[in-house]
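Here's the structure we're looking at; comments come further down.
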Amino acid sequence: MTTQAKQLAGPLSAAVANLCVGLQPQVSPATAAGFREVLRRLSAPLQVAVAGRIKSGKSTLVNALIGRRVAPTDVGECTRLVTRFQYGTVDRIEVVFSDGRKQVLPFEANGSIPPDLGVDVDRVSHIEAYLTNAVLRDLTVIDTPGLGSLDAASVARTEALLSGELDPVSRNAVAGAEAVLYVVTQGVRADDQQALAAFTAATASREAGPVNAIAVLNKADTIAAETVEGANGDTWQAAVLLAERQALTLKPRVADVLPVIGLVAESTETGGFTSADADALRKLAELDDATRETMLISADLFVSWECDVPVGTRNRLLEKLDLYGIRKALEAVDAEPGITAGALRRKLLDASGLDGVRAKLNAVFRSRADGIKAAAALASVTSLAAASGDPNERQRVHDAIEVLLAKPEAHQLRLLEALTLVASGAVAMPNDLVEEVLRFGSSPDVSEQLGLRGRPPQELMAYALERAGWWRSFASFGATPAQSRVAHVVHRAYFLIWQQLRGRR
Ligand SMILES: Nc1nc2c(ncn2[C@@H]2O[C@H](COP(=O)(O)OP(=O)(O)OP(=O)(O)O)[C@@H](O)[C@H]2O)c(=O)[nH]1
Ligand SMILES: [Mg+2]
């Protein structure tokens with residue numbers, strides 16, 4: 001156990017791992033095999049699936065996050081397959097077939113996965129890409145084919161893979177992703193919300209909620225600012241406002257919705273933006289205002305208008321930055337004509353919003369990886385026991401989980417569970433209480449969890465104690481049995497915050 005404990009995300013994962021090890025000799029060989037899979041996953045990095053509609057820019061965003069243009073975008077059969085990007089000491093791509101067979105694939109000359117694999121795609125389960133990129137050390141990123149695609153077969157394949165239906169013995173309920181980055185574009189439709197619910201139900205058999213799901217509003221550059229009230233014609237402002245509106249629709253299914261320009265993020269983070277591009281932009285910046293404005297009206301005009309910069313170069317800029325990125329770059333050159341290629345790249349990266357997405361990923365996923373992984377593993381253990389068909393075995397596993405959850409150290413796990421139950425509506429509560437409960441998932445910061453950001457410690461303590469008392473009496477007198485269980489956990493959460501604040505004095 002000691003060697004394994006080193007790789008676990010934290011004490012909660014360790015507690016669940018111990019539970020699996022302890023139960024292994026007491027269960028059937030099939031369930032024990034499932035537990036071994038759970039143990040293996042517990043010591044692996046957090047698994048984050050990037051999901052969303054077809055062509056919403058998922059692969060582009062994956063590349064930006066990894067910092068390497070490795071996922072094929074736009075065309076090719078790869079966009080119909082699930083690809084798992086995980087850390088490895090040597091770069092390697094493997095095609096995994098449905099029968100478990102694996103085949104190593106060469107990278108393209110440009111370092112990406114071949115868009116066409118040269119194998120029978122219908123027999124492919126998914127692709128494993130091992131990369132040396134540091135980001136992947138504590139996060140495995142899973143690129144998925146677009147939901148709502150025309151091709152029902154790839155949707156079925158994705159669902160099967162992510163929900164662990166492919167191989168009932170080893171994968172049953174343990175292959176699922178543990179967290180979701182959901183990519184939407186302008187206008188979340190009602191069926192998009194359904195897609196989110198369906199997809200997230202497949203994340204290791206757990207409902208998604210503010211604890212393990214984030215959404216981004218991608219292609220923010222393509223939003224027509226004049227159609228968004230309050231944006232004052234500013235595209236980014238329009239994107240911020242739209243993201244806020246979508247958050248009202250999607251919460252509490254997701255922790256937040258953030259605007260991003262995946263394309264610009266990808267180009268600037270993967271070395272796509274070169275000094276030759278910067279030179280071309282400096283040249284374009286010298287054009288007279290009228291010419292420049294005309295060229296920026298549309299992509300067609302941008303390439304077809306007569307000017308000194310070669311058409312091929314202009315096409316390349318469009319592919320990397322699109323019109324909005326080009327406009328932003330020209331503005332940066334205007335403000336600072338001698339700007340270096342590196343500084344220009346940084347400006348574009350800032351304009352892409354990727355930093356905000358990274359910060360959110362850290363706050364919601366990375367900082368809580370231990371709890372998220374432990375909760376997903378417990379859900380897997382529960383469904384493995386349920387699937388065994390042996391009532392005694394199910395009871396033994398159930399009892400062991402009860403013992404684990406009753407321990408004081410498991411409080412964080414119970415809180416995550418309560419958050420998810422409330423967020424998914426499985427336990428109904430009045431709106432103001434839902435909001436209060438979900439605040440615990442909003443941030444690792446105690447004052448934000450209390451909804452009292454920036455207030456003095458004395459006030460935080462008094463409030464925590466007051467709410468602890470309120471939730472205790474709600475648990476005893478005012479609640480249904482399901483609400484009561486949640487209320488006990490919330491009571492304890494306030495009490496622990498109070499204790500922690502008191503200890504700090
Ligand atoms: N203008 C603009 N285009 C983008 C942005 N992000 C992605 N794209 C373009 O959108 C197209 C689709 O991007 P992909 O990353 O392949 O989308 P996907 O969701 O992975 O697509 P599927 O896997 O086929 O569902 C590509 O041409 C991208 O260059 C963006 O932020 N702005
Ligand atoms: Mg894709």
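For ligands, and for the atoms within them, numbers begin at 1 and follow the listed sequence.
Between the side chains of N63 and T60, no donor-acceptor pair is found at a separation under 3.5 Å. For the residue pair E94/Q103, the side-chain donor-acceptor check at 3.5 Å is not satisfied. No hydrogens or angles considered: a donor-acceptor pair under 3.5 Å links the side chains of R84 and Q47.
For ligand 1, the polar-atom distance check against I261 finds no nitrogen or oxygen pair separated by under 3.5 Å. The N/O atoms of T60, backbone and side chain alike, include one that comes under 3.5 Å of an N/O atom in ligand 1. For ligand 1, the polar-atom distance check finds an N/O of K55 within less than 3.5 Å of one of the ligand's N/O atoms. Taking any N or O of L263, backbone or side chain, at least one lies under 3.5 Å from an N or O belonging to ligand 1. Of the N or O atoms in V260, none lie within a sub-3.5 Å distance of an N or O in ligand 1. Considering both main-chain and side-chain atoms, K219 comes within under 3.5 Å of ligand 1 through a nitrogen or oxygen pair.
Counting heavy atoms under 4.0 Å from ligand 1, residue T222 touches it through the side chain alone. At a heavy-atom distance under 4.0 Å, only side-chain atoms of D322, from C-beta outward, approach ligand 1. Contacts of N218 with ligand 1, taken as heavy-atom pairs under 4.0 Å, involve the side chain alone.
Salt-bridge annotation for R40 and E37: present, with a side-chain N of the basic residue lying under 4.0 Å from a carboxylate O of the acidic one.
For the pair E266/K320, no side-chain contact is recorded, criterion being any heavy-atom separation below 4.5 Å from C-beta on.
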Checklist entry - For V135 and L65, what are the C-alpha separation, side-chain angles and deciding distance, and is it a side-chain contact (heavy atoms from CB on, under 4.5 Å)? => result CA-CA 8 Å; V135 204; L65 288 170; 5.7 Å; no
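Coordination check, S59 versus the Mg ion (ligand 2): passed, since an N/O/S atom of the residue sits under 2.8 Å.
Screening residues 303-318 for salt bridge (Lys or Arg N to Asp or Glu O under 4.0 Å) gives D277-R316 as the qualifying pairs, with residues at least two apart or on separate chains.
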